Amino acid sequence: MRRWLSFVLPCLVVLVAPSATAQEGYTPPPANLAARAWFQEARFGLFIHWGAYAVAGDGEWVMHNKRITVAEYERDYPPAFNPAKFDAAAWVRMVKAAGMRYITITSKHHDGFAMWDSKVSDYDIVERTPYGKDVLRQLADECRKQDVKLFFYHSQLDWHHPDYFPRGRTGRFSARDDKGDWFRYLDYMDQQLSELLTGYGDIGGIWFDGWWDKPEADWRLDKTYRLIHRLQPAALVGANHHRKPFPGEDFQMFEKDLPGHNTAGFNEDSELGSLPFEMCETINNSWGYNKTDGRHKSTKQLVQLLVKAAGYDANFLLNVGPRPDGTIQPEHASRLAEVGQWLEKNGETIYGTRGGPLPPRPWGVTTHKGSRVFVHVLDWQDPVLSVARPPRPVKKASLFATGAAVKFTLEKDAVLLRLDPKALDPLDTIVVLELAP
Ligand code: FHN
């Protein structure tokens with residue numbers, strides 16, 4: 001399942017060049033700045049990788065990995081995709097119960113198949129599947145009703161379109177003719193983006209992916225980013241190119257790693273910028289539905305990832321890959337519900353907070369809001385925890401869960417917190433430090 005990584009990684013090696021040309025001189029208008037502020041406060045969203053590939057239950061890279069040609073894919077996948085049990089209202093209810101504030105769903109993944117009723121192509125869910133309905137429209141309507149923001153993940157890389165030429169590092173088994181008009185492909189992408197930005201109400205933003213397939217190409221990002229910002233000035237543009245943000249982007253994303261970390265291999269050149277951060281992660285180890293992947297992270301791991309992301313000042317975008325019938329795997333739905341129960345009690349220490357002020361440490365992280373610092377103790381067993389001294393004097397310390405006072409000693413450069421080992425919560429013991437104004 002990590003096969004895509006071997007294609008992405010070589011791109012990272014050539015990443016010594018400065019950031020690509022994009023929307024130079026972009027000054028975000030007030031509506032965009034307000035949207036960024038909202039985004040940063042929201043802290044938690046659902047990533048949805050869903051497309052005709054769900055039919056195989058072998059992840060979203062099945063076309064490339066199994067060397068399926070365009071003709072075979074067209075014949076076997078969309079005609080078998082019939083998500084008759086898809087219930088947009090139930091999905092959005094699940095998102096709300098999980099404490100998530102937004103959804104980022106694949107409008108088109110690398111297979112090129114559109115999950116909406118595209119007018120510039122018939123390679124879409126309405127025209128090619130027995131289901132025949134626009135799932136993005138249903139989801140957009142329901143998100144509006146239930147006050148959840150909707151973002152679209154849009155693959156710039158396309159394994160299906162004839163004009164995606166010269167080909168990139170991936171999708172080389174699709175048996176397309178060795179010709180194509182690159183700028184016609186980019187026109188097509190811009191037309192599809194225009195459909196998404198004009199036909200589905202206010203969109204939270206566009207989450208691009210796939211630039212890394214052809215880092216040397218002229219992606220005409222300037223034109224594309226301008227188009228998005230013109231059609232919806234408040235829509236946030238982000239791109240998963242694994243590099244420092246390009247001009248015109250409104251947030252910075254990190255795949256499977258906390259900002260500044262690189263355990264998954266994507267963030268070699270991912271210098272931290274000043275835009276809002278978002279980290280995305282899978283529940284098991286797959287983005288698209290994978291019926292053999294049972295390596296589901298526990299609720300504890302997921303809560304701790306959310307908390308760590310917040311401590312690193314990043315949103316947490318947690319993925320599900322719905323099944324071909326339109327339902328969410330029960331193992332994933334139950335975990336989302338449990339994270340939601342945790343947030344129901346502890347959300348005050350996550351939503352609307354900023355990371356820090358203390359640097360993340362192996363024992364945990366801090367978040368803060370106003371004069372309150374939330375010390376999230378994630379991995380600690382001893383009665384005394386030494387944390388760095390916050391920027392202002394500590395007036396009081398207490399357990400967030402019960403309000404019980406926590407004894408502390410102020411050292412020159414540290415605060416010693418006396419924790420009752422019996423009162424430690426295995427998920428997250430939250431100590432509130434009240435700072436002097
Ligand atoms: O190739 C994709 C992959 O399928 C998935 O969409 C992830 C999500 O971050 N991004 C790409 C790899 O970088």
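Keep in mind it's a predicted model, so treat the numbers as computed, not measured. Remember, it's 1-based here, ligands and their atoms both numbered in the order they're listed.
- A ring-ring contact (aromatic ring centres under 6.0 Å, His included) with His110 is found for exactly one of Tyr164, Tyr53, Trp212, namely Trp212.
- Here His49 has side-chain heavy atoms under 4.0 Å from ligand 1, and that is the only part of it that gets that close.
- Under a 4.0 Å heavy-atom criterion, His242 is in contact with ligand 1.
- Neither the backbone nor the side chain of Ser155 has a heavy atom within less than 4.0 Å of ligand 1.
- Residue Trp61 has at least one heavy-atom neighbour below 4.0 Å for each of these atoms of ligand 1: 1 (O), 2 (C), 3 (C), 4 (O).
- His49 and Tyr289 have their aromatic ring centers separated by at least 6.0 angstrom.
- The shortest separation from a heavy atom of Trp207 to ligand 1 is under 4.0 Å, placing the residue in contact.
- Of all atoms in ligand 1, numbered sequentially from 1 with element shown, those under 4.0 Å from a heavy atom of Asn240 are 9 (O), 10 (N), 13 (O).
- Side chains of Asp111 and Tyr73: a donor on one and an acceptor on the other come within 3.5 Å.
- Proximity of Asn319 to ligand 1, defined as any heavy-atom pair under 4.0 Å, is not found for any part of the residue.
- Which parts of ligand 1 touch Tyr153 is read off a 4.0 Å heavy-atom cut-off, strictly below it: atoms 6 (O).
- Against a heavy-atom cut-off of under 4.0 Å, His109 is close to the following atoms of ligand 1: 3 (C), 4 (O), 5 (C), 6 (O).
- Listed for the Asp124 side chain is no donor-acceptor partner under 3.5 Å among the backbone atoms of Asp117.
- Counting the atoms of ligand 1 from 1 in the order shown, those under 4.0 Å from a heavy atom of Cys280 are 9 (O).
- Because its NZ or CZ atom is both nearer than 6.0 Å to the ring centre of Tyr200 and within 45° of the ring axis, Arg137 counts as a cation-pi partner of that residue.
- Among Glu255, Met253, His110, Glu60, the residue whose heavy atom lies closest to atom 1 (O) of ligand 1 is His110.
- Stacking of Arg220 on the aromatic ring of Phe183 is not recorded, the 6.0 Å distance cut-off and the 45° axial limit not both being met.
- Distance alone, capped at 3.5 Å, is enough to place a donor-acceptor pair between the His229 side chain and the Tyr225 backbone.
- Judged by the 6.0 Å and 45° rule, Lys108 forms no cation-pi pair with Trp50.
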